[in-house]
Participant: 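Structure incoming, see below.
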Amino acid sequence: MAVILKLTPATENIFKNAILSGDLVAFPTETVFGLGANIFDERALEKIFEAKGRPKSDPLIVHIVSLEGIEKIIDIKSDVKCSFDVLSNKFWPGPLTLVVNASENLSRIVTAGGDYVGLRMPSNIIARNFLKNVGVPLAAPSANRFGHVSPTNAQHVYDDLGDYPGLLILDPPQQEPCDVGFESTVAKIMDNGDIVILRQGAIGSIEIQKALREKKLKNNVTLNSLKNKETNNTHITDSPGQMLTHYSPMIESFVISKVSFDEKDLLKNTFDKQDLKACVVIDFQREFIGLKKFVLRYVDLSPEGNIMEAGRNLFSCLRTAENVKDAKYILMTGLYPHDDELKSALFDRIYRAASGKCAQISFLSE
Ligand code: TXA
Ligand code: MG
């Protein structure tokens, strides 16, 4: 069984020893909880895939606390170096993962057999102290069961991975430590220094572009997210983890909108007043407040319309929603219009949580 252990000065070394003796430790970052293993211990790396039920074809992100010793992890070619230096200087520590060429010495379990590795320097103070204390970089995917909603507190991790032997879950003094609340932006630096965003996160493509231009770099920044949204459960070659069905609650979920969906090949579903009795609604800025009296449970990610607050609340609302007694469906705001990048990063999670399924409310679309 896994154990949740409070972080105190007295327990600090228990977490360190667990990592150094080859066990897994789940720890908070500013995005979500990671399931950490020593990158130099292949058996420990294998445990990550076992514990999560994750396919070995899905590479792991390496977490570091400083740039010292990164030549053991990455092999930066000269054309890539400028972009890497600008982006790591500007956005680290913080919620940006840079995918670059892996060092020959890095275990291919981390890279899923490929020659690229995702590297990230988290800003969360507990993650940083933990990394400093263990003294080795940690490979860490989100600490959830594969395909389920990412965890933003210690109990979430336990709910998913509590059965895994030897797993230690670091419970921080602060109840909700994940200030961003959803996973990092994953940006691949191509061989010519151009950037492809494989997963949207709190750091947007416009900011990345701006950082490059400030340093007179002319490299292009393009978005890859949701490009393959119709390819359910098919691995995408350049970002294997980005499948349509992801972040999925345990009950059927839909994106709802007051406007008609124009994407003709989306499955359409209509909910009437009777159906709503079995629904949990996850709203933003009170758009669907009118449904409150018809549904089993109504929650708002941010009644005031603060998108950062919505990001912090999204995963924990999804987990609450799937556990509401007698709930059969979750209906989620589509966060329309997508007038900023944070909204589209969050919509990316919502859309995947719904496996791309959209629904209309009969009496709202009349
Ligand atoms: O915020 C985060 O990034 C969290 C925290 C714990 O750091 N980690 C996280 O890891 O979300 P994970 O494994 O759940 O998601 C990482 C994503 C996956 O979609 C994976 O396929 C992609 O990043 N990725 C990792 N390494 C890659 C690589 N070498 N090439 C392409 N995609 C990569
Ligand atoms: Mg994940």
Participant: With a 4.5 Å cut-off on side-chain heavy-atom distances among I, L, V, M, F, W and Y, is there a chain of contacts connecting Leu131 to Phe33?
Facilitator: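 Per the 4.5 Å side-chain linkage, Leu131 and Phe33 are co-clustered.
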Participant: For Lys47 and Gly22, indicate whether the former's side chain and the latter's backbone hold a donor-acceptor pair under 3.5 Å.
Facilitator: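 Judged by distance alone, yes, a pair lies under 3.5 Å.
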Participant: Give me the one residue out of Asp272, Thr270, Leu291, Val281 that meets side-chain contact (heavy atoms from CB on, under 4.5 Å) with Ile361.
Facilitator: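 The side-chain contact (heavy atoms from CB on, under 4.5 Å) with Ile361 is passed solely by Leu291 among Asp272, Thr270, Leu291, Val281.
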Participant: Checking Asn133 side chain against Asn129 main chain: does a donor-acceptor pair fall under 3.5 Å?
Facilitator: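 Checking the backbone N and O of Asn129 against the side chain of Asn133, no donor-acceptor pair under 3.5 Å is found.
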Participant: How about CZ on Arg286, more than 12 heavy atoms from neighbouring residues, nucleotides or ligands closer than 6.0 Å, or not?
Facilitator: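 Atom CZ in Arg286 is not packed in, count stays at 12 or less.
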Participant: What pair of heavy atoms forms the shortest contact from Val86 to Ala211, and how long is it?
Facilitator: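 That would be CG1-O, 3.4 Å.
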Participant: What do the steps show when you test His338 against Tyr336 for ring pair (Phe, Tyr, Trp, His ring centres under 6.0 Å), and what is the final call?
Facilitator: CA-CA 5 Å; His338 299 161; Tyr336 299 104; 4.8 Å; yes
Participant: For the side chain of Thr11 and the backbone of Lys6, is there at least one donor-acceptor N/O pair under 3.5 Å apart?
Facilitator: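 Here the side-chain-to-backbone pair exists.
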Participant: Tell me whether the rings of Phe130 and Phe27 are parallel (<30°), tilted (30 to 60°) or perpendicular (>60°).
Facilitator: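 Tilted: the ring planes of Phe130 and Phe27 meet at 30° to 60°.
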Participant: Under 6.0 Å between ring centres, would you say that holds for Phe363 and Phe294?
Facilitator: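 Yes, the ring centres sit under 6.0 Å apart.
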Participant: Please answer: with hydrophobic residues joined when any side-chain heavy atoms are less than 4.5 Å apart, are Met308 and Leu301 in the same cluster?
Facilitator: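 Result: yes, single cluster for both.
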Participant: Which value, rounded to the nearest 0.5 Å, describes the distance between Ser83 atom OG and Asp194 atom CG?
Facilitator: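 These two atoms lie 7.5 Å from each other.
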Participant: Can you confirm whether or not the ring centre of Tyr247 sits under 6.0 Å from the ring centre of Phe182?
Facilitator: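 No, the ring of Tyr247 stays outside the 6.0 Å limit from the ring of Phe182, centre to centre.
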Participant: Go through the steps for Leu87 and Ile195 under the test side chain to side chain contact (heavy atoms under 4.5 Å, CB included), then give the verdict.
Facilitator: CA-CA 10 Å; Leu87 300 183; Ile195 310 294; 3.7 Å; yes
Participant: For the residue pair Glu50 and Tyr164, what are the closest heavy atoms and their distance?
Facilitator: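 Looks like OE1-OH, 2.6 Å.
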